[in-house]
Amino acid sequence: MDPSKTPTATRSLPGVAYTDPVLYEQELKDVFERAWILVGHVSELSEPGQYVTANVGREPVVVVRGHDGELRAMSNVCRHRASLILEGTGQTRSVMRCPYHAWTYELDGRLAAAPSGQGFACLDRDQVALPQFRVGIAGGLVFCCTDPDQMSLEDMLGPVAPYLDWLNIGGLTVHRNDGAARWTEDFEENWKILADNYLEDYHVPVAHPALVRIVEVKGTIGDNNDWCEWSRAPYRTRPSRDPREREYQSLIRRMPGMPEEFEGWMGHVCIWPTTFMEIYPHHVDTWQLEPTGLFSTRATTMTLVHPDEDAQARRARALMRELNVDIMGEDVDITTRVQRGVQAPSYHSGILNDEQEFSVIRFQRRLRELLPRITELEATATGASSVASS
Ligand code: FES
Ligand code: FE
C-alpha cells in the first residue's frame, strides 16, 4: 500500500514538524500559552504567602495565596528590569520581593514599594502591577492559563477531574526529596517526541519488559475527551521472576482514601498538552514537559504521597522509583533514535495504529488544528515526496 494514500488522520506528523524552528515558536504561543498548565498542588498553597512558580510557554508565572485567602496567578517578571521575582516553591513574607533592586509587590500583584523612588521621575506606583492570569483547581491540582479566551479548566479536563476526585488526589501532599518539591530532568529531544512516546503503549511490550511483568497493559480501561484522558491497567497477580519486582508486588497496597474499586490497578492520566500522571496505589507522580528549545525539553516531576505515608508505602515508592529510572532509560534510548530519525531526508511521516496509537492520533489532530504551519510543512513534504518518486 502506498503510504501517501492513507488518510491524514492516521499518519504521524511529518518529520520536519520536529525540527522546524518556525513551528517551534508557534507552539510556544499557540499551544503552551493558550493551555491550562499544571503548576502545583493545593497542599502547597494552603497558607497566605505560600507560592509556586512555573513557566507557561515563555511566561514565568507565580501562583500565590493572598492575605484575603484568594489564590491568584500572575506574571513572575518584575516590572522594573524584568528579573524573575520568586523561584521554586515556598512561603514569602508579607510581600514578594524582587532580588535585583528590591522592588516589592503585594500578594495581589500591586507594586508595594520601590527603593529610592524619588529618582523615578515618571513612576506612577498605582499603575504598576504584575499582569494577572487565570488559575484553576481540579482534583487538588493547581493549573494556570494565560489565555483569557481559553475554555474553562473543567471543560478541558472532561472526564479526568472526576477521576482525580474519585482517587482522592486532593487529599495527598507533595513529597519533598532532600528538601526539594520538584525533580527536573533535561532531555535533548523536541518536546513532541517525548509526548508522542508517553501517549501510546504500543511500544511498552517491546521496550519495557519489567513493566509488562508487573502490569497487564492489555487489560487497560479508560475514558477521554478531545484533550485529556485517564486509563487504568490491572497489576498482574502472578509473581515476577525478578526479585526486586517481586518485592514491589508484595508491597502494593491502596493508600487510605483511595476507593476500593482501585484495588489492584495502576492509573495513568494525560492532560493537554504535556501533563502526565502515574497513579500508583501507594503514591502519585506528575510529569510536566516544558519545551526549553527546539531540541531540548525539561521534565518536572512532583511526587504526591499520603500525609501519613507508612514504611510499606515508602518502600513501594522507592522500588517504583528504581524501576522508573530503568524505564526512563529505555524511553530515552527510543526517543533519541526517533530524534535522529525524523531528521533523515528520506523520512516523511509514518502510519499510526488506530487502536494502540489512538491517543497520538488525537494529540496530533489537535496540533494540526491549532498550528496551520504543520499542514504547510506536510504539503511541502508530500510535494517533495511525489517529485522524488515520479
Ligand atoms: Fe526587579 Fe529591578 S528588576 S527591582
Ligand atoms: Fe515508554
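Since this is a predicted model, take the numbers as computed values, not measurements.
Side-chain N or O atoms of Thr146 include one that pairs as donor or acceptor with a backbone N or O of Glu33 at under 3.5 Å. Here the side chain of His208 pairs no donor or acceptor atom with the backbone of Pro205 at under 3.5 angstrom. Side chain of Thr297 to main chain of Glu189: a donor-acceptor pair is present (N/O by atom type, distance under 3.5 Å, no hydrogens or angles). With hydrogens and angles disregarded, no donor-acceptor distance shorter than 3.5 Å links the side chain of Asn55 to the backbone of Gly57. No side-chain donor-acceptor contact under 3.5 Å links Gln288 to the backbone of Ile37. With Gln50 contributing its side chain and Glu47 its backbone, the two residues share a donor-acceptor pair below 3.5 Å. Although no hydrogens or angles enter the test, the distance criterion places a donor-acceptor pair under 3.5 Å between the side chain of Arg246 and the main chain of Arg241. One N or O on the side chain of Glu200 and one on the backbone of His203 form a donor-acceptor pair closer than 3.5 Å.
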Report task. Carefully, step by step, assess Arg11 and Glu378 under the rule salt bridge (charged side-chain N to carboxylate O under 4.0 Å, His left out). Result -> CA-CA 11 Å; Arg11 292 199 66 83; Glu378 266 166 344; over 6 Å; no
Query raised in the report: For Trp287 and Met277, what are the C-alpha separation, side-chain angles and deciding distance, and is it a side chain to side chain contact (heavy atoms under 4.5 Å, CB included)?
Result: CA-CA 6 Å; Trp287 205 60; Met277 298 177 68; over 6 Å; no
Query - Test log, rule salt bridge (charged side-chain N to carboxylate O under 4.0 Å, His left out), inputs Glu247 and Arg244 - result: CA-CA 5 Å; Glu247 184 191 353; Arg244 183 176 63 174; over 6 Å; no
Report task. Decide yes or no on side chain to side chain contact (heavy atoms under 4.5 Å, CB included) for Thr301 and Thr286, but give the supporting numbers first. Result -> CA-CA 5 Å; Thr301 301; Thr286 68; 5.7 Å; no
Report task. Tell me, with the steps shown, if Tyr198 and His268 meet ring-ring contact (aromatic ring centres under 6.0 Å, His included). Result -> CA-CA 10 Å; Tyr198 212 84; His268 187 65; 5.4 Å; yes
Requested in this report: Please step through side chain to side chain contact (heavy atoms under 4.5 Å, CB included) for the pair Arg213 and Arg236, ending with a clear verdict.
Outcome: CA-CA 7 Å; Arg213 284 195 293 271; Arg236 287 188 194 279; 5.6 Å; no
Query - Check against side chain to side chain contact (heavy atoms under 4.5 Å, CB included), His282 and Val305 - result: CA-CA 7 Å; His282 40 79; Val305 298; over 6 Å; no
Report task. Evaluate the criterion salt bridge (charged side-chain N to carboxylate O under 4.0 Å, His left out) for residue pair Glu229 and Arg362; output intermediate values, then yes/no. Result -> CA-CA 11 Å; Glu229 69 181 57; Arg362 194 193 48 193; 2.7 Å; yes
Report task. Go through the steps for Glu44 and Arg182 under the test salt bridge (charged side-chain N to carboxylate O under 4.0 Å, His left out), then give the verdict. Result -> CA-CA 12 Å; Glu44 301 176 290; Arg182 304 287 188 274; 2.7 Å; yes
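Cluster note: Tyr202 groups with no other residue, as no ILVMFWY side-chain heavy atom lies under 4.5 Å from it. Through side-chain heavy atoms spaced under 4.5 Å, either directly or across other Ile, Leu, Val, Met, Phe, Trp or Tyr residues, Leu123 is tied to Tyr51, Val62, Val64, Met74, Ile85, Leu86, Met96, Trp103, Tyr105, Leu107, Leu111, Phe120, Val128, Leu130.
Using a 4.0 Å cut-off between charged side-chain N and carboxylate O, Asp285 and Arg317 make no salt bridge. For Arg253 and Glu263, the salt-bridge test fails: no basic side-chain N is under 4.0 Å from an acidic carboxylate O. The pair Arg337-Asp333 meets the salt-bridge criterion, since a charged nitrogen lies less than 4.0 angstrom from a carboxylate oxygen. Comment: Asp147 does not engage Lys29 in a salt bridge, judged by the lack of any side-chain N to carboxylate O separation of less than 4.0 angstrom.
A continuous path of hydrophobic side-chain contacts links Leu194 to Phe276 [ILVMFWY only; heavy atoms under 4.5 Å]. Hydrophobic clustering (ILVMFWY, side-chain heavy atoms < 4.5 Å, transitive): Tyr100 and Val95 are in distinct clusters. One hydrophobic cluster, built from ILVMFWY side chains closer than 4.5 Å, cannot hold both Ile169 and Tyr280; they sit in different ones.
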Tabulate below the donor-acceptor pairs under 3.5 Å that side-chain atoms of residues 156-163 make, not counting sequence neighbours, or state none.
none

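Around the CD atom of Glu369, the shell of radius 6.0 Å holds more than 12 heavy atoms that belong to other residues, nucleotides or ligands. Counting non-hydrogen atoms of other residues, nucleotides and ligands closer than 6.0 Å to CD of Glu188 gives a total of 12 or fewer.
Under the side-chain hydrogen bond (donor to acceptor under 3.5 Å, both in side chains) criterion, Arg65 pairs with no residue, sequence neighbours left out. A search for salt bridge (charged side-chain N to carboxylate O under 4.0 Å, His left out) contacts involving Asp149 returns nothing, not counting sequence neighbours. In this structure Arg298 satisfies the salt bridge (charged side-chain N to carboxylate O under 4.0 Å, His left out) test together with Asp186, sequence neighbours excluded. Not a single salt bridge (charged side-chain N to carboxylate O under 4.0 Å, His left out) links Glu278 to another residue, sequence neighbours left out. Listed by chain and number, the residues in a salt bridge (charged side-chain N to carboxylate O under 4.0 Å, His left out) with Arg79 amount to none (sequence neighbours excluded).
Sorted pairs that involve residues 168-188 and meet ring pair (Phe, Tyr, Trp, His ring centres under 6.0 Å), not counting sequence neighbours, are lacking altogether. Evaluation of the ring pair (Phe, Tyr, Trp, His ring centres under 6.0 Å) test over residues 129-157, restricted to residues two or more places apart or in two chains, returns none. The ring pair (Phe, Tyr, Trp, His ring centres under 6.0 Å) analysis of residues 31-50, with sequence neighbours excluded, yields the pairs Phe32-Trp191. For residues 83-109, the set of pairs meeting the salt bridge (charged side-chain N to carboxylate O under 4.0 Å, His left out) definition, not counting sequence neighbours, comprises Asp108-Arg110.
The only member of Leu371, Asp30, Asn190 that meets side chain to side chain contact (heavy atoms under 4.5 Å, CB included) when paired with Leu23 is Leu371.
Taking the six-membered ring wherever Trp is involved, the centroid distance between the rings of His306 and His283 does not fall below 6.0 Å.
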